[in-house]
Novice: 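Before anything else, here's the structure in question.
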Amino acid sequence: MNKKLILVAIVLLAGITGWLLHHFSDREVIKRKFNSVAVGLSKQGEETPVALALKMRPVKDFIAPSCRVIVPETNYQEALEPELIIRYLMLYRSRQSSLQIALDEILVDIPGKGLAEVSALVHITANPDQPDFFDEVHPLTFSLHKEEKKWLLHKTTLPGALVHGH
């Protein structure tokens, strides 16, 4: 009976350890961060300036001090500061009465220590039951660097339709 109890404790401890290692792995931390940012960028109706600022703060904190933004269709490529990226996101959001953003198929590759390459599909639905309704899916890619135990976005490649559309 004592041996069975020890065996159960060992199996339970191994299971918990395995779950913790998976849950706090860089891949899972990055996936959760991207999903959190997507939820933060979504909106339902009008927002107060304080509510908007609170939603944008985690997004801004995720962007490196200089983030290269690439739009291949227009040959646009520029390093932007977080404040400018946040301004663009706020402007994009302000044009929509309702906006749902979800990331699907998030794939995270860790090619080296402190480096991550991420690809995902962004699913954007805006303005349901309105004439300017749209529902789109676009591929995105990102490069992240881990700095002071925190993953920061250093580069993103966006499709032209996402930048120049709605």
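Hydrogens, waters and symmetry mates play no part in the numbers below; they use all other heavy atoms, side chains included.
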Novice: If we only count heavy atoms from C-beta on, is the Lys60 to Glu83 side-chain gap below 4.5 Å?
Specialist: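 Yes, close enough: below the 4.5 Å cut-off.
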
Novice: Identify whether Val29 and Leu152 are in the same connected component of the hydrophobic contact network (ILVMFWY, side-chain heavy atoms under 4.5 Å).
Specialist: no

Novice: Report the distance from atom CZ of Phe134 to atom OG1 of Thr125, rounding to the nearest 0.5 Å.
Specialist: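 One gets 8.5 Å once the value is rounded to the nearest 0.5 Å.
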
Novice: How many angstroms lie between atom CZ of Phe62 and atom NZ of Lys150, to the nearest 0.5 angstrom?
Specialist: 10.0 Å

Novice: Measure across Arg93 and Gly40 and return the closest heavy-atom pair with its distance rounded to 0.1 Å.
Specialist: NH2-O, 4.1 Å

Novice: Could you give me the CA-CA distance, side-chain angles and deciding distance for Asp135 and Ile124, then say whether side-chain contact (heavy atoms from CB on, under 4.5 Å) is met?
Specialist: CA-CA 6 Å; Asp135 188 352; Ile124 303 171; over 6 Å; no

Novice: Run the salt-bridge test on Lys55 and Glu47 with the 4.0 Å N-O cut-off and return the result as yes or no.
Specialist: yes

Novice: Donor-acceptor pair, distance only, cut-off 3.5 Å: does the side chain of Arg27 make one with the backbone of Asp109?
Specialist: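 No: the side chain of Arg27 does not pair with the backbone of Asp109.
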
Novice: Closest heavy-atom contact between Met56 and Ile86?
Specialist: O-CD1, 3.9 Å

Novice: Taking all atoms of both residues into account, what is the closest heavy-atom pair of Gln44 and Gln100, and its distance?
Specialist: NE2-OE1, 2.6 Å

Novice: Would you mind reporting whether Val122 and Ile101 have side-chain heavy atoms less than 4.5 Å apart?
Specialist: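 In contact.
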
Novice: Could you check whether any side-chain heavy atom of Pro58 comes within less than 4.5 Å of a side-chain heavy atom of Ser36, counting everything from C-beta outward?
Specialist: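 Of all side-chain heavy-atom pairs linking Ser36 with Pro58, none is under 4.5 Å.
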
Novice: Could you see if Tyr88 belongs to whatever hydrophobic cluster contains Leu80? Use Ile, Leu, Val, Met, Phe, Trp, Tyr and a side-chain cutoff under 4.5 Å.
Specialist: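 The answer is yes; both residues are in one hydrophobic cluster.
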
Novice: Any donor-acceptor pair under 3.5 Å linking the side-chain atoms of Glu105 with those of His123?
Specialist: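 Side chains of His123 and Glu105: no pair found under 3.5 Å.
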
Novice: For a 4.5 angstrom cut-off between non-hydrogen side-chain atoms, does Ser119 reach Leu107?
Specialist: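 Yes, close enough: below the 4.5 Å cut-off.
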
Novice: Locate the shortest heavy-atom distance separating Pro82 from Pro65; write the atom from each residue and the value.
Specialist: CD-O, 3.4 Å

Novice: Find out whether Thr157 and Pro72 are in side-chain contact, i.e. whether some heavy atom of one side chain is under 4.5 Å from a heavy atom of the other.
Specialist: yes

Novice: About how many Å separate NE2 of His154 and CG of Leu115, when rounded to the nearest 0.5 Å?
Specialist: 9.0 Å

Novice: Please check if the side chain of Thr156 supplies one atom and the backbone of Thr141 the other of a donor-acceptor pair under 3.5 Å.
Specialist: yes

Novice: Report yes if the side chains of Glu117 and Pro111 come closer than 4.5 Å at any heavy-atom pair, otherwise no.
Specialist: yes

Novice: Just checking, any donor-acceptor pair under 3.5 angstrom between side chains of Asn127 and Ser97?
Specialist: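 Judged by distance alone, the side chains do pair up.
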
Novice: Side-chain contact test, heavy atoms from C-beta onward, threshold under 4.5 Å: evaluate it for Ser25 versus Ile110 and give yes or no.
Specialist: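 A side-chain contact under 4.5 Å is absent here.
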
Novice: State, with a plain yes or no, whether a side-chain heavy atom of His138 is found less than 4.5 Å away from one of Leu121.
Specialist: no

Novice: Using 0.5 Å steps for rounding, measure from the CZ atom of Phe34 to the CG atom of Leu103.
Specialist: 7.5 Å

